[in-house]
Amino acid sequence: MSATIVDVSQPITDHEVNAIRRDFPALLESVNGEPLAYLDSAATAQRPHAVLDAERHFLEHHNAAVHRGAHTLAGLATEAYEDARSTVAAFVGAGPDEVVWTANATDALNLVAYGFANASHGRGGAAARRFALAPGDEIVVTEAEHHANLVPWQELAAVTGATLRFIPVNDSGVYSVGDAAAVLSSRTRIVALAHVSNVTGFVAPVAEIVALAHARGALVVLDACQSAPHRALDLPGLGVDFAAFSGHKMLGPTGIGVLYGRAELLDALPPFRTGGSMISTVTMTDADYLPAPQRFEAGTPPVSQAIALAEAVRYLQRIGLDRIERREELLAERMLVGLAGIPGIRTIGPGLGVPRAGLVSFDVDGVHGHDVGQYLDARGIAVRVGHHCAQPLHRRLGLISSTRASAYMYTTTDEVDRLLGSAHEVRRYFGAA
Amino acid sequence: MSATIVDVSQPITDHEVNAIRRDFPALLESVNGEPLAYLDSAATAQRPHAVLDAERHFLEHHNAAVHRGAHTLAGLATEAYEDARSTVAAFVGAGPDEVVWTANATDALNLVAYGFANASHGRGGAAARRFALAPGDEIVVTEAEHHANLVPWQELAAVTGATLRFIPVNDSGVYSVGDAAAVLSSRTRIVALAHVSNVTGFVAPVAEIVALAHARGALVVLDACQSAPHRALDLPGLGVDFAAFSGHKMLGPTGIGVLYGRAELLDALPPFRTGGSMISTVTMTDADYLPAPQRFEAGTPPVSQAIALAEAVRYLQRIGLDRIERREELLAERMLVGLAGIPGIRTIGPGLGVPRAGLVSFDVDGVHGHDVGQYLDARGIAVRVGHHCAQPLHRRLGLISSTRASAYMYTTTDEVDRLLGSAHEVRRYFGAA
Amino acid sequence: MSDSLANLYQQVILDHARQRIGYGQLDHADAERFERNPTCGDEVMVRLALEQGTDRIASLAWQGAGCSISTASASVLAQLAEGLTLTELQSKIDAFRAMLRERGDVEPDEDVLGDAVAFQGVSKYVMRVKCAMLPWVAAEACRGSLT
Amino acid sequence: MSDSLANLYQQVILDHARQRIGYGQLDHADAERFERNPTCGDEVMVRLALEQGTDRIASLAWQGAGCSISTASASVLAQLAEGLTLTELQSKIDAFRAMLRERGDVEPDEDVLGDAVAFQGVSKYVMRVKCAMLPWVAAEACRGSLT
Ligand SMILES: Cc1ncc(COP(=O)(O)O)c(C=O)c1O
Ligand SMILES: Cc1ncc(COP(=O)(O)O)c(C=O)c1O
Ligand code: FES
Ligand code: FES
């Protein structure tokens with residue numbers, strides 16, 4: 001990216017976006033004869049050359065198994081791999097031992113849930129007893145969660161006898177601190193919530209909920225999938241106990257996710273997957289586990305992916321997370337105002353003036369989501385349609401599916417305007433207006 | 001690879017190896033001023049240009065989230081991703097629905113073990129009852145297993161009350177069908193074994209053990225990590241019920257592994273990770289799971305890695321698995337004869353004339369493994385030292401660690417000879433001879 | 001863009017999606033089948049009544065919620081099915097499936113498929129093939145339960 | 001290659017690895033500490049005896065199995081430790097650690113570290129720094145338990 005960064009408190013300018021876009025080869029694609037307008041970054045982001053190059057350079061020159069070898073390449077690979085951990089840890093304000101590589105964010109959330117389950121089954125020794133759940137204990141989630149931050153807790157409740165409760169959302173799909181306070185109690189052991197909703201763009205009052213939870217002795221698990229890529233994060237500062245996010249939504253590869261956990265908790269949580277590289281001594285009957293993060297990284301980890309993810313983080317830092325957030329706020333506002341002004345279109349989530357992430361989901365009266373998506377696709381506009389892995393939220397809002405347009409640092413104002421233009425026409429095309 | 005392939009029953013020739021090597025950029029590295037002799041492919045293999053290019057091409061042109069999108073890129077990505085599944089499935093004789101993408105082989109083995117554990121905790125409904133274990137049931141492994149195929153079964157035994165038993169090995173680290181028969185009984189529910197040992201190179205009598213196990217009503221889980229990259233595999237033909245292998249050992253990426261399971265079993269096994277893309281209906285209290293393989297693929301899968309792995313498979317198929325196996329046999333023989341002839345060096349595993357994979361582990365009397373490894377590394381020779389994630393086997397052989405040299409299709413005779421030359425000198429250098 | 005869109009959403013399809021021939025209940029049904037597309041959550045219930053004592057379809061009705069493709073497809077199916085024997089129905093289902101799998105390589109027979117030939121363009125959209133098949137799969141199951 | 005190898009395995013190190021100064025038990029130990037390198041499984045037990053009534057080290061002995069680096073390092077440590085006060089020992093441990101962390105950028109002080117300066121080359125081998133530190137970490141823990 002060749003743009004000169006001027007004021008870190010200002011949104012990225014249109015001019016800078018044009019420079020940034022040259023770093024992303026996939027943004028040059030055409031779709032159905034139209035230039036691609038990629039408005040699906042909340043599902044997966046595109047990758048800049050720098051990230052692709054970093055991974056390839058590693059694979060062409062330093063590729064080896066990490067942590068197990070004494071030879072030079074293995075040493076170089078291990079160093080690059082652990083440096084990547086430090087880079088990503090620092091990105092969220094954490095120490096390197098507080099960051100575990102996982103397969104994706106879903107895997108990270110399952111790791112925590114299975115840690116609790118294993119502790120409940122008596123695994124992990126005395127240190128793990130604090131994680132054991134039993135009937136009477138409660139796990140609290142919100143009604144707006146992605147399935148990744150819901151179904152693992154359902155399973156945990158099912159195998160431990162704990163009760164799953166939820167913080168309900170209102171007709172806009174959002175909830176307040178008061179709504180949370182009404183559900184949390186001294187029986188609450190875990191509160192799991194999304195930092196930013198992938199459907200509504202709602203930014204959760206995390207610090208307030210952490211305070212409520214900790215006052216009741218509960219641990220907080222944050223789904224940071226939609227925040228880590230788009231805003232500066234200080235996880236220890238937020239006070240959450242665990243947090244999860246995915247590489248592929250933040251310019252990095254698929255095949256890698258991140259679990260953050262407070263050091264003290266990670267060292268006490270029983271392992272999830274077991275196997276090589278996470279043990280110290282193994283006999284035919286027993287195994288001793290290494291401290292975190294190694295105890296959670298069984299087998300050959302996503303080495304080149306970690307290195308690529310660290311490069312993605314450096315790329316984000318070069319642009320500036322605050323500037324990305326500001327830019328996306330402007331784009332979200334433009335989408336929201338534009339869409340809300342179209343007859344027959346209902347937007348979901350917080351209204352104007354309330355902080356929201358750079359995405360807007362909406363329902364087109366009388367036209368099925370897949371038809372909306374197909375219509376936009378014919379114009380080169382890539383959006384997501386469906387329940388976005390949040391069926392309970394859609395059910396609560398009286399919908400089966402919605403259409404979601406999501407922006408990233410490389411999204412142009414023109415792309416948003418193309419979306420708005422086509423959204424104007426879609427109901428007429430399908431005879432709904 | 002520009003070599004013309006002549007006779008598919010003949011080993012790859014030295015001449016062809018030279019052509020193959022040009023496809024692998026990392027093999028051109030120098031280490032400590034010497035040309036790299038990479039004899040650590042059993043830990044992780046190097047990647048050819050074709051594999052790196054396939055992944056990059058996908059990321060630059062078709063990158064999108066799979067299975068969830070209605071837009072063009074999402075369709076292309078989904079198609080490429082599912083084609084990759086078909087390619088890898090066909091590679092091991094399986095149907096596409098019998099192949100699950102995992103994070104690595106360790107993850108695949110844990111998936112099976114947790115499937116049994118979850119069934120034992122009452123999850124998965126009536127169909128899953130066949131997987132439930134209870135006290136009195138037995139899980140059988142061999143004494144030569146990699147920790148990845150041992151510790152998950154220890155955990156499964158611990159949470160279900162089942163007993164873990166093992167097939168003992170002899171002073172060479174190998175076992176016979178008779179040894180297995182002596183341990184299996186009608187109480188046996190699972191038999192887990194490596195197809196090829198990553199320490200001894202021993203090739204297990206899989207078909208015979210499958211017959212023994214099935215006759216007793218047990219299911220067989222095969223660790224195919226060291227076979228899938230090096231020999232033609234027909235998993236349904238072998239009769240195993242589940243099998244696991246990793247992308248990074250077969251010219252493919254880290255961050256991806258494969259679980260094979262017979263369709264009927266996969267559809268009945270309870271899920272492991274839960275979250276998005278593996279469910280059909282989710283309410284706040286409950287979730288219905290999709291059939292296999294989707295039910296085991298929660299969250300965003302390793303998309304670009306699957307596409308790269310399929311390319312790796314095509315590369316292997318172009319060379320010819322039988323020819324690779326033959327070539328590695330010759331190299332193993334050369335290593336074995338050479339090393340066994342050096343005073344003070346003890347090789348581990350089957351002797352000459354017995355089938356073994358292209359790797360040899362050995363102990364150097366009076367010199368610690370890490371010093372051996374460092375000495376070889378100074379000469380540009382990359383080998384693995386340590387317990388190779390098989391502590392019980394090393395303990396059984398009276399060793400704490402060993403040095404392992406492992407070959408692949410791109411290994412030259414000269415590299416083996418460099419190893420042998422240096423191995424001759426190492427004891428003198430450290431004053432042990 | 002208009003080309004690709006018009007190829008998928010033939011006017012016949014857009015019209016059927018609005019007209020919804022056969023949408024509703026039946027007083028009496030000899031067979032019924034519920035089908036769901038797990039990817040999108042769309043649902044269709046297909047009901048089938050025979051002329052008394054024969055294997056000839058008196059009426060095919062459907063209910064459900066779905067995209068314009070699945071809705072139009074149900075409408076076309078209802079229009080086509082009336083008066084067919086169960087065997088004739090099956091051969092139309094086979095022809096429809098074959099057309100969708102062909103990716104537009106073979107010219108479908110309008111005599112056999114009627115308005116359903118309009119779905120030929122769908123064959124190029126992997127994600128939408130399931131949409132078009134949904135009611136036909138339900139109808140096929142109804143037939144299966146009657147023979 | 002010979003350069004890099006000779007830089008790591010200084011003759012002093014190879015000699016100490018064979019001589020093993022201080023290898024064995026002690027009749028009486030005021031402190032002992034077992035350390036293990038989980039990556040390679042190497043182990044060392046360090047025992048420390050003080051001159052009666054003082055904080056001066058009468059003798060440091062060690063046992064264990066390890067690579068030439070950890071073995072030589074234990075030998076050098078035993079040689080160096082005798083007659084030091086616990087405070088002096090700690091400052092040598094600090095200097096040794098600093099040298100290993102420097103990656104060879106600073107010239108170590110032979111007056112402080114004696115034969116231990118031979119380990120400077122180890123600092124370039126991340127995987128072996130732990131080998132060299134292993135007995136010193138054990139000795140540091142012994143000191144900690146005595147003060
Ligand atoms: C025999 C065997 N099993 C299992 C594994 C684990 O594979 P991964 O680390 O890719 O999960 C390996 C490789 O380390 C192996 O050689
Ligand atoms: C809010 C939220 N949570 C969790 C996930 C799951 O992430 P992944 O699929 O990378 O595991 C996603 C993305 O799909 C998400 O948007
Ligand atoms: S989108 Fe669901 S059937 Fe068409
Ligand atoms: S190799 Fe283990 S301490 Fe040196």
Side-chain angles (χ1 to χ4, degrees), chain A residues 25-26 29 31 40 43-44 46-47 52 56 59-61 63-65 68-73 103-104 106-107 110 121 146-148 151-152 154-155 159 166 246 248 254-256 273-276 279 282-284 287 298-300 302-305 370 373-374 377 382 384-386 389 391-392, chain B residues 25-26 29 31 40 43-44 46-47 52 56 59-61 63-65 68-73 103-104 106-107 110 121 146-148 151-152 154-155 159 166 246 248 254-256 273-276 279 282-284 287 298-300 302-305 370 373-374 377 382 384-386 389 391-392:
Chain A
E29 288 296 301
V31 161
D40 198 17
T44 203
Q46 297 300 342
R47 323 261 200 283
L52 301 174
R56 181 139 189 165
L59 289 170
E60 293 192 347
H61 299 291
N63 182 44
R68 302 191 198 164
H71 59 78
T72 299
L73 282 193
N104 52 25
T106 303
D107 187 40
N110 276 272
H121 296 134
H146 188 283
H147 297 160
V151 190
Q154 292 180 346
E155 289 292 320
V159 299
F166 64 89
S246 266
H248 68 96
T254 52
I256 190 164
R273 279 175 289 257
T274 56
I279 52 80
V282 177
T283 66
M284 282 313 291
T300 304
V303 181
S304 69
Q305 289 81 12
H370 271 69
Q374 198 90 53
D377 185 59
R384 166 71 27 126
V385 296
C389 297
Q391 287 182 8
Chain B
E29 289 296 302
V31 162
D40 197 18
T44 202
Q46 297 299 343
R47 325 260 201 283
L52 300 174
R56 182 141 188 164
L59 290 170
E60 292 192 348
H61 300 290
N63 183 45
R68 304 192 197 162
H71 59 79
T72 299
L73 282 193
N104 53 25
T106 303
D107 186 40
N110 275 274
H121 296 134
H146 189 283
H147 296 159
V151 189
Q154 290 179 347
E155 289 292 321
V159 298
F166 64 88
S246 266
H248 68 96
T254 51
I256 190 164
R273 277 175 289 258
T274 55
I279 53 78
V282 177
T283 66
M284 282 311 292
T300 304
V303 181
S304 69
Q305 290 81 12
H370 271 68
Q374 197 90 52
D377 185 58
R384 166 69 28 125
V385 295
C389 298
Q391 287 183 9

Considering only heavy atoms and a distance below 4.5 Å, find which of [options] pairs most often with chain B.
options                      : answer
A:H61, A:Q154, A:H121        : A:Q154
A:I279, A:T44, A:L52, A:V159 : A:L52
A:V151, A:T274, A:L73        : A:T274

Check your understanding: Tell me, side chain or backbone of A:R56 under 4.5 Å from chain B's heavy atoms, or both, or neither?
Key -> side chain
Check your understanding: Is there a side chain to side chain contact (heavy atoms under 4.5 Å, CB included) between A:T106 and B:T300 once you walk through the steps?
Key -> CA-CA 8 Å; A:T106 303; B:T300 304; over 6 Å; no
Any donor-acceptor pair under 3.5 Å linking the side chain of [X] with the backbone of [Y]?
X      : Y      : answer
B:Q305 : A:T254 : yes
A:Q391 : B:V282 : yes
B:D40  : A:A64  : no

So do the side chains of [X] and [Y] get within less than 4.5 Å of each other, counting heavy atoms only?
X     : Y      : result
A:E29 : B:N63  : no
A:T72 : B:Q374 : no
B:V31 : A:H71  : no

Point to revise | Minimum heavy-atom distance B:M284-A:P392, with the two atoms named | key: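 For B:M284 versus A:P392, the nearest heavy atoms are SD-CB, 3.5 Å.
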Practice item. Give the minimum heavy-atom separation between B:C389 and A:G276, together with the two atoms involved. Key: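 Scanning both residues completely, I find the closest heavy atoms to be SG-CA, 3.9 Å.
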Check your understanding: Can you name the side chain to side chain contact (heavy atoms under 4.5 Å, CB included) partners of A:S246, sequence neighbours left out?
Key ->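 If we apply the side chain to side chain contact (heavy atoms under 4.5 Å, CB included) test to A:S246, skipping adjacent residues, the hits are A:N104, A:A105, A:H248.
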Check your understanding: Who wins among B:P152, B:S304, B:A103 for the most heavy-atom pairs under 4.5 Å with chain A?
Key ->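 Highest number of heavy-atom pairs under 4.5 Å: B:P152.
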